[in-house]
A.B. asks: 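Quick one: the structure is below, and I'll ask about it shortly.
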Amino acid sequence: MDNPRAPAQEPRLIRFGTLNPLWRGTMKDALTALLQQTLQQLVNEGTLESIEGVSPQIDHTRDPSHGDLATNLAMVLAKRAGMPPRDLAAKLVAALPANEIIAKTEVAGPGFINFTLSQASHTQGITRILDAGSDYGRRPCDPDKKVQVEFVSANPTGPLHVGHGRGAAIGDSICRLLAATGWSVQREFYYNDAGQQIANLALSVQARAHGLTPDDTGWPEDGYQGEYIIDLANAFVAKDAVSAADREITASGNTDNLEDIRDFAVAWLRREQDADLQAFAVKFDEYFLESSLYANDAVERTVERLVASGHTYEQDDALWLRSSDFGDDKDRVMRKREGGYTYFVPDVAYHLNKWERGYKRVINEQGADHHSTITRVRAGLQGLDVGIPEGWPEYVLHQMVTVMRDGAEVKLSKRAGSYVTLRDLIDWVGRDATRFFLAARAATSQLTFDIDLALSQSNENPVYYIQYAHARVASVKRKALEIDAQWTPATGLEHLATLKESEELALALILTKYPEVVASAAERLEPHDIANFLRDVAAHFHSFYNAHKMLDPAQPDMSTARLALAEATRIVIASGLDLLGVSAPESM
RNA sequence: CCGCCCGUAGCACAACCGGAUAGUGCAACGGCCUUCUAAGCCGUAGGUUGCAGGUUCGAGUCCUGCCGGGCGGGCCA
C-alpha cells in the first residue's frame, strides 16, 4: 500500500529560485533573497563552484538566544566548498550584502548562522499586515486551479456522529486552507443511498412502524436499533412532509410499501444531517447521490470500459478486476456470482465522474476505516486507461474518535443505537469549541473526546484562550477611541519605531510567520498547524498585554503604535480562526 | 497471518523533507485585579519520547526487530 496522502507537495525548504509565492513579503523570503546574493558572491570570487541543487533550510529558531532565524547553509555546503562549516559560515557572513532587516549575525554551534532581525523589519511586517487586512497571508482565487474536496459523505442511515464531526471539521478547514492559498474549491458530499444499508434502513423503519422492537421476533437481522428510527417511523405513519436539500417528500403512511418508506427515510435523515451540518457551519456545493450512478448507467458503463480495457477476467462465475496489476495485493471481485456489483465498483464510477468533470486534483477526507478502498478505487481508475495519474485522488484519513463519558468509553455503533451525535457535542460545548477540538489535532492520531472534561471545563478550552485575545484587541480599540478619536491603528503606523520592548518585538515577529504557516498547512493538508500557531500568537499577545499598558494618554505615539500592533494581532487571529471555521468575537 | 495508523509529562496533544536545551493546554503548587476584559499574566514542579539495536556531524522524527493500542483485509458495505 502506497502512501494515501498526496505525492506532489512542495518541499518546505528554500530551494533557491523557486520561492513559495505565499511567503512573499515574509522575513524568511527576504532573508532567502539576501542569502542567494551572498552565495552568488562566493561563486563569483571562486570560493564555490556552483550552487546547483543546494537545498538549505532557513528556519525560525526555537531558542531566542539563537536569534530569530537560522540557516544550515554552511553545513550543507561545507563538503562542496572543501572547508569546515564554521569557516564557510564566517565567509558567508562576511559576504552578506548590506541591508536593513538584519540587526545581528552570528556563527554558532556546528556551523549554523543565526540572524537577529532589526526593529525596522518588524515595522515593515506590521505595516504589511495592516495594509493587507483580512487578505494578509492569503492569495486571490485562481479559477484555473480547481480542486474538489469530498468529505463527511455519511450514509443516510442515521444522524451524524462524532467521527463525522471530525471529518466535517478537518474537511471544511482543508477547503478553507486551499481557498486561502489560491485554489478554486468545490465541496462535495457523497450519499450512499443505493446499497444494502438503505434496504436495512427501510426494513427497520417498517418494523418500528409495525410496533416491533429489536428484541422481537421478526425484527430485521441487520436492522438499525437507534431511537431515531422510532421518530422516523412515527413521522412516516403520520404522513409528515420533509424537505431535504433538493427534494420534498410527503410520507404515504403505507407501511407495506418499502419503496415509499425508503424514500421518506432517506429524505428525513438527510434533513437531520443537513441541520447538523448547518449547526456546524459546514456547507457543500454538491450532494452527489450514488443512486444517480445507477440511474444513468454510469456503473454499467464503467464495468464495460474496464472489460474493454482488458483488465478483467471471469472466474468462478464472477467478474474480477486484475487489481494486483495496480498495486493491490490480490484481485478483487467486481460482479458477484448472483449478479450484483461489489461496493467499490460504484466508487470507481463515481470517481471517473469526478475526473470527467475536469478535476485534476481531488481530495477525499474520510475515516481511516475506509482505508482499504483507496487501493481498489485507484486500481479501478488505472484500469480504465483514461490517463488518470497513479496517485489520484488524494486521501486524508482521520483516525477514530474515542468518546469517553463517566470515565468509560462510549462505543459507537449505529446498529446498537448508542452513540454520541455531532449535535450532542454542539449542544454541550458549543460549535466553536467542538470545531476547534476536532480540527486542532493531527488527523493521523486517534483522539479522545472526553465529554465530562469538555463539559466541566468548557471555559478552559483552548479556543477561548484564542478568542479572548481577539476580543481584548477589539476592546482596546474601543477604549482608544474614547480617549481620542485620532487613536486608531492607522495613526500608529507612523510611530512603529517606538516599539522596542521584547514582548512587542516577539509578537511582531510571530505575526509575520502567518503566511508561511498558512502555506505549509495548506500544502500538508493539516489544519491543526493553524490551531497550534494561533495558540502561540494568543500567548504572545496575552504576555504583551499584561506586561505593558497599551493606552497611555501621556504617550500618544507609543499608544497608537501599540494599537497598530494589537490590530495586526487581531487580523491574524481573525483570519486563522476563520480557516478553522471558528468565530472571532468582538467581546466575551 | 497480511496491510495501514499510532505510542511523547498524571490527562489530552504539538514538535516545520532529521537540527541546537522536546513544547502547549488542563490538572498540581506559589504569587498578580482601586489602572485598557483575571476566559488573563508571572513563577515552581513534572520526561530514559514503549523497548532493543542501527544509520550520521546530529534521531521523538529515518531503517530493522520486538511490545502495546486502533483500523482494515472475505463474491459484507
Side-chain angles (χ1 to χ4, degrees), chain A residues 1-4 9-13 55 57 59-63 65-66 70 72 75 78 85 108-112 114 155 192 195-197 200 222 315-320 329-330 332-338 340-344 347 367-375 397-400 402 404 437 440-450 453 457-469 471-472 474-480 482-483 516-517 520-521 524 526 528-529 531-532 535-536 538-539 541-552 559 562 566 587-588:
Chain A
M1 165 60 65
D2 44 354
N3 187 335
Q9 292 184 358
E10 283 295 311
R12 307 196 58 207
L13 313 166
S55 297
Q57 234 167 310
D59 285 329
H60 295 276
T61 58
R62 252 186 235 165
D63 184 340
S65 71
H66 296 144
N72 62 356
M75 288 145 84
F112 290 104
N114 296 335
N155 291 342
N192 282 104
Q196 186 59 38
Q197 299 192 46
N200 288 339
D222 292 316
Q315 185 182 312
D316 302 333
D317 296 327
L319 180 67
W320 296 69
D329 52 1
K330 52 184 142 181
R332 305 287 171 178
V333 169
M334 294 171 61
R335 190 169 53 222
K336 294 177 276 188
R337 196 174 294 140
E338 77 271 19
Y341 293 117
T342 53
Y343 72 95
F344 83 94
D347 278 356
D369 52 340
H370 291 82
H371 185 86
S372 62
T373 70
I374 297 176
T375 313
L397 300 180
H398 63 262
Q399 296 294 316
M400 301 291 98
T402 307
M404 300 286 289
F437 191 90
R441 283 135 171 87
T444 49
S445 65
Q446 302 161 32
L447 81 82
T448 307
F449 203 121
D450 189 327
L453 199 66
Q457 302 174 345
S458 60
N459 282 0
E460 309 296 336
N461 193 300
V463 73
Y464 296 106
Y465 182 80
I466 297 164
Q467 290 180 318
Y468 187 54
R472 269 186 156 171
S475 172
V476 169
K477 279 166 67 183
R478 289 191 293 268
K479 199 79 184 176
E482 284 174 24
I483 296 173
E516 297 166 27
V517 174
S520 158
R524 288 150 40 99
E526 291 191 344
H528 77 278
D529 288 350
N532 289 327
R535 213 152 27 191
D536 231 14
F541 177 76
H542 287 310
S543 291
F544 159 57
Y545 182 92
N546 276 276
H548 305 288
K549 188 161 173 58
M550 299 190 63
L551 306 174
D552 180 358
S559 296
R562 286 180 171 168
S587 65
M588 290 176 74

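Just so it is clear: chains get the letters A, B, ... in the order the sequence lines come, proteins before strands, and each one is counted from 1.
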A.B. asks: Taking all non-hydrogen atoms of both residues, which atom of A:Arg332 and which atom of A:Asp329 are closest, and how far apart?
C.D. replies: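 Looks like NH2-OD1, 3.1 Å.
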
A.B. asks: Map A:Tyr545 and A:Glu338 onto RNA chain B by nearest heavy atom, then report which one ends up closer to the 5' terminus.
C.D. replies: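 Closest to the 5' end, via its nearest nucleotide, is A:Tyr545.
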
A.B. asks: If I pick the P atom on B:rG31 and the same atom on B:rA14, what distance separates them, to the nearest angstrom?
C.D. replies: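 That atom pair is separated by 34 Å.
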
A.B. asks: With C1' as the reference atom in both, quote the distance from B:rC71 to B:rC32 in angstrom, rounded to an integer.
C.D. replies: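 Nearest-Å result for B:rC71 against B:rC32 at atom C1': 49 Å.
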
A.B. asks: Using a 6.0 Å distance limit plus a 45 degree cone around the ring axis, check whether A:Arg472 lies over the aromatic ring of A:Tyr545.
C.D. replies: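 Yes, A:Arg472 sits over the ring of A:Tyr545.
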
A.B. asks: Go through the N and O atoms of the side chain of A:Asn114 and the base of B:rA20, and report whether any donor-acceptor pair is under 3.5 Å.
C.D. replies: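 A donor-acceptor contact between them is present.
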
A.B. asks: On RNA chain B, does the nearest nucleotide to A:Met400 precede the nearest nucleotide to A:Asp316 from the 5' side, or the other way round? Give the residue.
C.D. replies: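 Result: A:Met400.
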
A.B. asks: Please confirm whether any donor atom in the side chain of A:Tyr343 sits under 3.5 Å from an acceptor in the base of B:rA77, or the reverse.
C.D. replies: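 When only heavy-atom distances are counted, A:Tyr343 does reach the base of B:rA77 through a donor-acceptor pair under 3.5 Å.
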
A.B. asks: Mind pulling the stems RNA chain B is in, i.e. runs of at least three Watson-Crick or G-U pairs, everything under 3.5 Å?
C.D. replies: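 As far as RNA chain B goes, consecutive pairing (with distances under 3.5 Å) yields the stems B:1-7 with B:67-73, B:10-13 with B:23-26, B:28-32 with B:40-44, B:50-54 with B:62-66.
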
A.B. asks: Got a list of protein N/O to nucleotides 9-13 of chain B N/O distances below 3.5 Å?
C.D. replies:
| from | atom 1 | to | atom 2 | distance (Å) |
| --- | --- | --- | --- | --- |
| B:rA12 | O2' | A:Arg441 | NH2 | 2.9 |
| B:rC13 | OP1 | A:Gln446 | O | 3.0 |
| B:rC13 | OP1 | A:Thr448 | N | 2.8 |

A.B. asks: In this structure, how many angstroms lie between the P atom of B:rC41 and the NE2 atom of A:His548, rounded?
C.D. replies: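 Going from NE2 in A:His548 over to P in B:rC41 covers 14 Å.
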
A.B. asks: Would you measure the distance from the C1' atom in B:rG74 across to the matching atom in B:rG54 and give it in whole Å?
C.D. replies: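 39 Å, rounded to whole Å.
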
A.B. asks: Would you say A:Phe112 stacks on B:rA20, if stacking means ring centres under 5.5 Å apart and planes within less than 30 degrees?
C.D. replies: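 Yes; centroid distance and tilt both under limits.
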
A.B. asks: Rounded to whole Å, how long is the line connecting atom CZ of A:Phe544 with atom P of B:rG40?
C.D. replies: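 So the CZ-P distance, A:Phe544 to B:rG40, works out to 18 Å.
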
A.B. asks: What interatomic distance, in whole Å, is found between C1' of B:rA9 and the corresponding atom of B:rG60?
C.D. replies: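 Between the two C1' atoms, the distance is 14 Å.
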
A.B. asks: In whole Å, measure the gap between the C1' atoms of B:rG70 and B:rU64 for me.
C.D. replies: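 About 23 Å, rounded to a whole number of Å.
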
A.B. asks: Are A:His66 and the base of B:rA20 stacked, counting only ring centres nearer than 5.5 Å and planes tilted under 30°?
C.D. replies: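 So A:His66 counts as stacking on the base.
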
A.B. asks: With a 4.0 Å cut-off on N to O distance, would you call A:Asp529 and A:Arg524 a salt bridge?
C.D. replies: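 Salt bridge: yes.
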
A.B. asks: Classify A:Ser587 by what it touches in the nucleic acid, base, sugar-phosphate, or nothing, heavy-atom distance under 4.0 Å.
C.D. replies: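 Base contact.
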
A.B. asks: Show me the protein contacts with nucleotides 42-44 of chain B, counting only N or O atoms at under 3.5 Å.
C.D. replies:
| from | atom 1 | to | atom 2 | distance (Å) |
| --- | --- | --- | --- | --- |
| B:rC42 | OP1 | A:Ser543 | OG | 2.8 |

